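Structure first, then comments.
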Amino acid sequence: MIKNKQSFRLNKIIKAALSAAVLPVFFIYILMDKPDYSIMNSVAHVVLPVAHWTGSVISWPIRAIGKGISNIKELSSIRSENEELRAKLDEALAQKYSCDIAIKENKKLEKELDVVKTSPYKTIVADIFSITNPFYHNIFSINKGSKEGVEKGMAVVSFDNRLIGIIMDVGDRFSRVRSLTDTDSNIAVRISGSDVYGFLQGNGKNNSSLVFLSDPKFKTSKDLQLITSNISGVLPSGIYVGNTINETNVKVLKPQEVSRVLILKFNNQGSYK
């Protein structure tokens with residue numbers, strides 16, 4: 001029965017095509033042999049709709065194929081954009097994951113090392129304008145003084161929170177700082193991650209020396225990190241000082257290695273102001 005329906009439709013299309021082919025010939029014959037305009041108008045009302053319908057039937061497969069090709073191209077473009085967006089999203093998620101890991105590790109490291117984080121509301125920014133080294137001393141001058149709130153005994157650190165020295169003299173607009181390598185420098189420190197205390201003394205050279213450990217049995221080694229201790233009541237606890245080079249020598253930050261510093265404001269009890 002389906003085959004009969006298809007045959008009927010095919011016959012209908014063939015008849016319409018033949019009619020569309022015969023009618024124009026008839027129309028031309030009338031135009032040339034008997035130019036009767038009333039007949040021509042009547043025939044035109046029949047020929048034009050049939051020709052239009054026939055053309056639509058004949059051209060339908062071509063139009064359908066063209067539309068299909070256009071849809072395929074559009075779909076391919078959408079898929080390509082989706083793949084590109086998916087790749088960018090994966091990259092962004094990977095970067096976020098890496099940042100999250102770095103933040104967690106940083107917090108964990110700060111907790112393990114007991115390193116204090118300075119606040120910009122508790123510091124004074126200053127520039128180093130002079131460095132002198134008379135007779136194994138290591139002293140430098142900064143361009144901030146009592147007018148900016150600088151006081152004797154305050155700590156001077158780098159912008160990555162490494163101790164450089166202690167304020168020794170204060171003027172109105174400048175201050176002198178004793179560096180950690182100065183022979184008169186002697187600050188209380190603690191080996192980070194332990195309860196072992198000691199003192200860091202300047203030796204007038206490029207480094208400082210770790211002496212008088214609270215635990216005589218403790219063996220120092222390379223790359224131990226030192227932080228300030230408040231046992232002497234001079235400095236607040238937790239400021240990063242340096243790392244051991246060997247059993248006694250400690251690598252500290254020297255004023256020659258920086259040009260701008262921070263002055264930490266704290267009181268005699270070692271608390272920040």
Side-chain angles (χ1 to χ4, degrees), residues 113-116 118 126-144 150-171 174-264 266 268 270:
L113 298 180
D114 302 325
V115 177
V116 69
T118 60
D127 292 321
I128 298 175
F129 67 86
S130 175
I131 301 175
T132 57
N133 300 282
F135 302 106
Y136 297 104
H137 291 286
N138 195 340
I139 299 169
F140 62 98
S141 300
I142 56 177
N143 64 345
K144 296 294 172 67
V150 180
E151 298 177 7
K152 183 178 178 179
M154 288 183 173
V156 178
V157 301
S158 63
F159 275 79
D160 58 352
N161 197 36
R162 295 184 62 182
L163 185 65
I164 303 175
I166 310 296
I167 300 290
M168 56 182 294
D169 294 312
V170 180
F174 75 96
S175 301
R176 292 202 307 158
V177 186
R178 177 178 287 115
S179 71
L180 299 182
T181 58
D182 188 274
T183 52
D184 290 336
S185 177
N186 187 16
I187 63 172
V189 295
R190 178 168 62 88
I191 296 175
S192 181
S194 74
D195 294 325
V196 179
Y197 295 84
F199 287 90
L200 188 72
Q201 294 181 346
N203 54 24
K205 299 179 182 179
N206 292 328
N207 303 307
S208 299
S209 300
L210 180 62
V211 296
F212 305 120
L213 294 180
S214 61
D215 184 359
K217 296 181 180 180
F218 183 83
K219 299 296 183 181
T220 57
S221 58
K222 185 179 179 181
D223 287 334
L224 294 178
Q225 189 173 54
L226 303 181
I227 58 176
T228 57
S229 168
N230 194 30
I231 59 174
S232 62
V234 177
L235 292 173
S237 301
I239 304 174
Y240 173 46
V241 176
N243 287 66
T244 56
I245 301 173
N246 47 44
E247 292 183 357
T248 57
N249 292 330
V250 179
K251 180 176 176 56
V252 296
L253 186 63
K254 297 180 286 294
Q256 292 87 344
E257 299 177 88
V258 295
S259 60
R260 178 165 287 189
V261 296
L262 295 174
I263 304 167
L264 304 185
F266 57 91
N268 293 333

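Bear in mind that the values here come from a model prediction, so they are computed numbers and not experimental data. We count residues from 1, following the sequence as given. Heavy-atom basis, side chains included; hydrogens, waters and symmetry copies ignored.
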Is [X] reaching over with its side chain to a backbone N or O of [Y], donor-acceptor style, under 3.5 angstrom?
| X | Y | answer |
| --- | --- | --- |
| Asn138 | Asp182 | no |
| Thr228 | Ile239 | yes |
| Ser229 | Ala188 | no |
| Thr183 | His137 | no |
| Thr244 | Leu224 | yes |

Would you check if [X] and [Y] make a side-chain contact, meaning some heavy-atom pair closer than 4.5 Å?
| X | Y | answer |
| --- | --- | --- |
| Ile187 | Leu163 | yes |
| Ile166 | Leu235 | yes |
| Ser259 | Ile128 | no |
| Ile245 | Lys251 | yes |
| Asp215 | Asp195 | no |
| Val258 | Phe140 | no |
| Glu151 | Val170 | no |
| Thr248 | Leu210 | no |

Write down the atom of [X], the atom of [Y], and the distance for their closest heavy-atom approach.
| X | Y | result |
| --- | --- | --- |
| Ile142 | Phe129 | O-CE2, 3.2 Å |
| Gln201 | Asn186 | CG-OD1, 3.4 Å |
| Ile164 | Val157 | CD1-C, 3.9 Å |
| Arg176 | Ser141 | CG-OG, 3.8 Å |
| Leu262 | Ser158 | CD1-O, 4.1 Å |

Working to the nearest 0.5 Å, report the span between CD1 of Ile139 and CZ of Arg178.
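Nearest 0.5 Å value for the CD1-CZ distance: 6.0 Å.
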Exceeds 12 heavy-atom contacts within 6.0 angstrom, atom [atom1] of [X]:
| X | atom1 | answer |
| --- | --- | --- |
| Gln256 | CD | yes |
| Phe212 | CZ | no |
| Phe174 | CZ | no |

Can you name the one residue among Val177, Ile167, Val156 that meets side chain to side chain contact (heavy atoms under 4.5 Å, CB included) with Val150?
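That would be Ile167.
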Evaluate the side chain to side chain contact (heavy atoms under 4.5 Å, CB included) criterion for residues Asn207 and Val252: first the C-alpha distance (whole Å), next the side-chain angles of each, then the deciding distance (0.1 Å), finally the verdict.
CA-CA 6 Å; Asn207 303 307; Val252 296; 5.7 Å; no
